[in-house]
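Naming: A, B, ... by sequence-line order, numbering from 1 per chain.
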There are 2 protein chains.
Amino acid sequence: MARKTKENAEITRQRIITAAREVFAKRGVSRTTMEHIASHAEVTRGAIYWHFKNKIELFHAMRDQAILPLIDHIDAVALDEKSEDPLSTIEQFFTNTILTLMQDPATNQTYEIMMTKCEYVDEFAAVLQQIVTNCDYFTEKIRLLYEHAKQKDQLNAALDPAALAMDSHLFFSGLLHMWVKDTGRLGFREQALGLIKQHIALRRAC
Amino acid sequence: MARKTKENAEITRQRIITAAREVFAKRGVSRTTMEHIASHAEVTRGAIYWHFKNKIELFHAMRDQAILPLIDHIDAVALDEKSEDPLSTIEQFFTNTILTLMQDPATNQTYEIMMTKCEYVDEFAAVLQQIVTNCDYFTEKIRLLYEHAKQKDQLNAALDPAALAMDSHLFFSGLLHMWVKDTGRLGFREQALGLIKQHIALRRAC
DNA sequence: TATTATATACAAACATGATTGTATGTAAAA
DNA sequence: TTTTACATACAATCATGTTTGTATATAATA
């Protein structure tokens, strides 16, 4: 086949990533072969091996497209340190993340793959450690916001910001897992935003 | 090879399940071949195919050994409906589950496999639905306990038992996930019991 | 109680298909 | 003219399910 321009090559690359995501979601990462991805993207394996070294590099490319914006998002939230209402800032962050999953099927699908269609062994074991590291980073940001809330007396006095941040992180982690897993019935997804609201309300000074 | 007695056959069966668990944990369910399991169990594939139809049946046998006792546990807890202190009952349940994971490496390993080393597609997709169903069952039991706590005025008055139960379930789900994922550093596991304590404390009437 | 028949608990071999990485070819872009 | 962006062909391994073989436990029978 004829050579493509740089722009066309980039389009091909993106088509491959999209195809990989869709096939991963359907068959799981391990059971997905390069040929599956290739035919779904309407290219040959040669094209994939040109753009990516192997399956895990392709996986990382897919993951980055979903994760990096989220990291940016939490960084932006953390910048909002001077917020008048830190508890609402936390609530907003949770809510926005859920809204992203609702509105962006690609991101949602990538989360689904990472949580229920990937085995974290061998080359993928490192990914799990990155996830844990991200969790720590995330929890620390939340902790800072709880600190500010406490200084502003918006927090129930007896509560410890570090422990609260952990509790919130675990809540949110659980929420994302249920969000992803509960695809059949629509019940859970509808309550998600309400659960976030109540979770934060529980912390406000009473 | 010679035929074994029923007792010996049962021992072989259990050896296979144990071997499967250990190999699943090391290589992930998809990448594990019957031959891997066979050699680890010091039998041939013939023995495995005699006892189990295929890999997923073996997976289910392994899963049942970890899950069924837990179901029994929560059923026992739910029987404790007349408890004087329902919030402590919930706390006890969470704590006991974590203690089980600490003390029983086999159970812990099975959880690890189910949460990070299994792809829920094809034959395994149904397992995910079972997990969700179990979650619902679990959440309902917790909800009942919160109801009782509310009737006894042990609960912060403004709180809704159903939403609280969901929040607790998400917290606990997140806790188990972090417990399993955070194998490297020992930091998280040490705080787990403290986090449970605080989570429940947050709900007590103030 | 001794004998026989049958089901059991595996081991070993077989047939088949799938998947990976690489190596090579090629036409157009730069 | 030299890369680039792929397609195609190749080699080698690996995994699965099934089939066949067999020694023995166990139950039935005489």
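Protein atom OH of A:Tyr49 is 20 Å distant from nucleotide atom P of C:dG25, rounded to whole Å. Atom CH2 in B:Trp50 sits roughly 16 Å away from atom P in D:dA25 (whole-Å rounding). What separates CZ of B:Arg45 from C1' of C:dC14 is a distance of 10 Å, to the nearest Å. Rounded to an integer number of Å, the gap from B:Gln14 CD to C:dC10 P is 13 Å. Atom-to-atom, CZ of B:Arg31 to C1' of C:dT19 comes out at 13 Å; the value is rounded to the nearest Å. Between A:Glu35 atom CD and C:dG17 atom P the separation is 17 Å, expressed in whole Å. Counting to the nearest Å, the P atom of C:dA9 and the CD1 atom of B:Ile11 are 13 Å from each other. Atom CZ of A:Phe52 is separated from atom C1' of C:dT20 by 18 Å (rounded to the nearest Å).
With no hydrogens or angles considered, a side-chain donor-acceptor pair links B:Gln14 and B:Gln65 at under 3.5 Å.
OP1 or OP2 of C:dC10 has at least one side-chain nitrogen or oxygen of B:His51 nearer than 4.0 Å. Phosphate proximity of C:dA9 to B:Lys4: absent, as no side-chain N or O sits under 4.0 Å from OP1 or OP2.
In terms of position on DNA chain C, the residue among A:Thr33 and B:Val43 whose nearest nucleotide sits closer to the 5' end is B:Val43.
By the 4.0 Å N-to-carboxylate-O rule, A:Arg27 lies too far from B:Glu119 to be salt-bridged with it. A salt bridge does not link A:Glu147 to A:Lys150: none of the charged nitrogens lies less than 4.0 Å from a carboxylate oxygen.
For A:His36, taking side-chain heavy atoms from C-beta onward, the closest of the listed nucleotides C:dA12, D:dT16, C:dT19 is C:dT19. Minimum atom distance to the side chain of A:Thr44 is reached by D:dA7, of the listed D:dA7, D:dA5, C:dA12. The side chain of A:Thr5 sits closest to C:dA29 out of C:dA29, D:dC6, D:dT16.
Between A:Arg21 and A:Ile113, some side-chain heavy-atom pair lies under the 4.5 Å cut-off. Between A:Arg189 and A:Thr183, the closest side-chain pair of non-hydrogen atoms falls below 4.5 Å.
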